[in-house]
Amino acid sequence: MEHEVFVPVPAERLREVLDDPARVARAVPGLQQDAGAEPVAGRLKIRVGSHSVTYRGAVRISRRDGDAYAVEGEAEESRGSGSVKLGLRITLREAEDGCTVVYDGMASADGRIKDLPADAVESAVIRLLSRFAEHLATAATATAADGEAQAPTPPARSGQGTGAEAEEKAPGDPGLTEEPPAPERPSVFGADVPPSSLGPAEEDEEDIAEAAHARRTMIGRSAEEVDHAPPRGRYAPVPAPQTVTPPAPLRWAAPAAALAVASAIVAVRALRRRR
């Protein structure tokens, strides 16, 4: 297996990343590290065509003579009995505006990945190695940016101090005077609130009485009672007019009186006929 990837990062920056196992582990695409295990150890899912195989294992990387690095790894399938062994050599070759990462090695595997098409497996491995090189370049660029951001400020030359010290040591210029401090703006919160245009004499005495009565009635009552209490005063509902109906005894008084009068008249006429 041979593969080359160009990255726009100097080779020296990539060596700094490859010498740090923790940063190498972060550069492996899709690696889920195990807590408390080796830096480059954990689970890795490889996508081969429409299939995916998950391996659990570890990889060891060490620097060899010159600019070469040796990579050795072993892993087993998480769901199956297959395994894979990897022996890889990584070489950094200087190039214009960057460097070329050269992979050279061999790998043996059995299990599910052995039953997949060879061209699909080769394409998956090449894609994995290319992304690994790109992640190494990203880590090297981020490290360089952090180093520039944290670079210490160069010390001032002898005889020259900082801006504050120069101002303290500089003699006062008689032709210049310090500007007076700007006057403080008045705060809105400190201003007095003007009295209301309506004096107590102009308020309606009836409204004051209604408000006082409402406060007295609300004290000691729950919120539900106050919400459902009927309004009072000018906002009280007008009761519907009630029709006055005479009580039942008065309703029968007139017919009874008429009957009594008629009976008296009949009795008087009957007595006259007898005479």
Side-chain angles (χ1 to χ4, degrees), residues 1-9 11-64 67-93 98-147:
M1 179 179 59
E2 296 180 358
H3 183 57
E4 295 183 1
V5 182
F6 172 79
V7 291
V9 177
E12 189 63 29
R13 297 282 176 80
L14 289 183
R15 294 189 191 97
E16 295 177 0
V17 179
L18 290 172
D19 291 337
D20 188 355
R23 296 165 68 184
V24 172
R26 290 194 294 267
V28 177
L31 176 64
Q32 299 180 2
Q33 295 180 259
D34 294 335
E38 299 179 17
V40 193
R43 299 176 58 185
L44 178 64
K45 179 183 291 187
I46 300 178
R47 186 80 174 180
V48 181
S50 59
H51 303 273
S52 61
V53 184
T54 303
Y55 290 96
R56 180 185 294 274
V59 174
R60 294 169 296 278
I61 182 169
S62 58
R63 190 167 184 175
R64 300 301 185 185
D67 299 334
Y69 291 84
V71 180
E72 299 177 356
E74 298 178 357
E76 297 180 354
E77 294 182 4
S78 298
R79 298 181 180 179
S81 58
S83 62
V84 61
K85 292 183 179 180
L86 174 67
L88 195 63
R89 179 185 177 89
I90 302 177
T91 306
L92 304 180
R93 189 171 59 199
C99 71
T100 302
V101 183
V102 182
Y103 299 99
D104 183 12
M106 297 181 62
S108 60
D110 57 4
R112 294 179 54 194
I113 199 169
K114 190 175 181 180
D115 300 333
L116 299 176
D119 55 347
V121 174
E122 182 179 1
S123 177
V125 173
I126 291 176
R127 182 171 62 252
L128 179 64
L129 295 178
S130 299
R131 294 180 58 191
F132 176 65
E134 294 173 358
H135 290 184
L136 288 176
T138 302
T141 305
T143 304
D146 294 343

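Keep in mind that the numbers below use all heavy atoms, side chains included, and drop hydrogens, waters and symmetry copies. Residue numbers start at 1 and run along the sequence shown.
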Considering all heavy atoms, the nearest Pro29-Leu44 contact: O-CD1, 3.1 Å
On a heavy-atom basis, the closest approach of Ala27 and His135 is O-ND1, 3.0 Å
By side chain to side chain donor-acceptor pair (under 3.5 Å), which residues pair with His3, not counting sequence neighbours? Ser130
Quick one: does any side-chain atom of Arg127 pair with a main-chain N or O of Arg47 as donor and acceptor, under 3.5 Å? yes
Looking at residues at least two apart in the chain, or sitting in another chain, which of them share a side-chain contact (heavy atoms from CB on, under 4.5 Å) with Ala41? Ala37, Glu38, Ala58
May I ask you to test the Tyr103-Thr91 pair for a side-chain heavy-atom distance under 4.5 Å? no
Just wondering, do Arg60 and Ser62 contact through their side chains at under 4.5 Å, heavy atoms? no
Reported CG-to-OG distance for the pair Leu128 and Ser123, which is rounded to 0.5 angstrom: 11.0 Å
Tell me, do Leu129 and Leu88 make a side-chain contact under 4.5 Å, heavy atoms counted? yes
By side chain to side chain donor-acceptor pair (under 3.5 Å), which residues pair with Glu122, not counting sequence neighbours? none
Would Arg13 and Glu16 count as a salt bridge (Lys or Arg N to Asp or Glu O under 4.0 Å) if you check the C-alpha gap in whole Å, the side-chain angles of each, and the deciding distance to 0.1 Å? CA-CA 5 Å; Arg13 297 282 176 80; Glu16 295 177 0; 5.1 Å; no
Give the table of side-chain donor-acceptor pairs shorter than 3.5 Å for residues 69-83, with sequence neighbours excluded, one pair per line with atom names and distance.
unit_1: Tyr69; atom_1: OH; unit_2: Asp19; atom_2: OD1; d: 3.0
unit_1: Glu77; atom_1: OE2; unit_2: Arg112; atom_2: N; d: 3.0
unit_1: Ser83; atom_1: OG; unit_2: Asp110; atom_2: OD1; d: 3.2

Taking the side chain as C-beta and beyond, is there a heavy-atom pair between Val7 and Val101 under 4.5 Å? yes
When rounded to the nearest 0.5 Å, the distance separating CD of Glu4 from CG of Asp104 is 10.0 Å
Nearest heavy-atom pair of Val48 and Ala124: which atoms, and what distance? CG2-CB, 3.9 Å
Closest approach of Ala109 and Val84, non-hydrogen atoms and distance? CB-CG2, 3.8 Å
Could you state the interatomic distance from CD1 (Ile46) to OG1 (Thr54), rounded to the nearest 0.5 Å? 9.0 Å
Scan residues 129-141 for pairs that pass salt bridge (Lys or Arg N to Asp or Glu O under 4.0 Å), counting only residues two or more places apart or in two chains. none
Taking the side chain as every heavy atom from C-beta outward, state whether Leu31 and Gln33 have any atom pair closer than 4.5 Å. yes
Only one of Val102, Leu18, Val9, Leu136 passes side-chain contact (heavy atoms from CB on, under 4.5 Å) with Leu92; say which it is. Leu18
Output for pair (Ile126 CD1, Glu2 CD), nearest 0.5 Å, gives 11.0 Å
Can you sort out the partners of Arg56 under salt bridge (Lys or Arg N to Asp or Glu O under 4.0 Å), two or more places apart, ordered by chain and number? Asp34
Do Arg93 and Cys99 come close enough that some side-chain heavy atom pair is under 4.5 Å? no
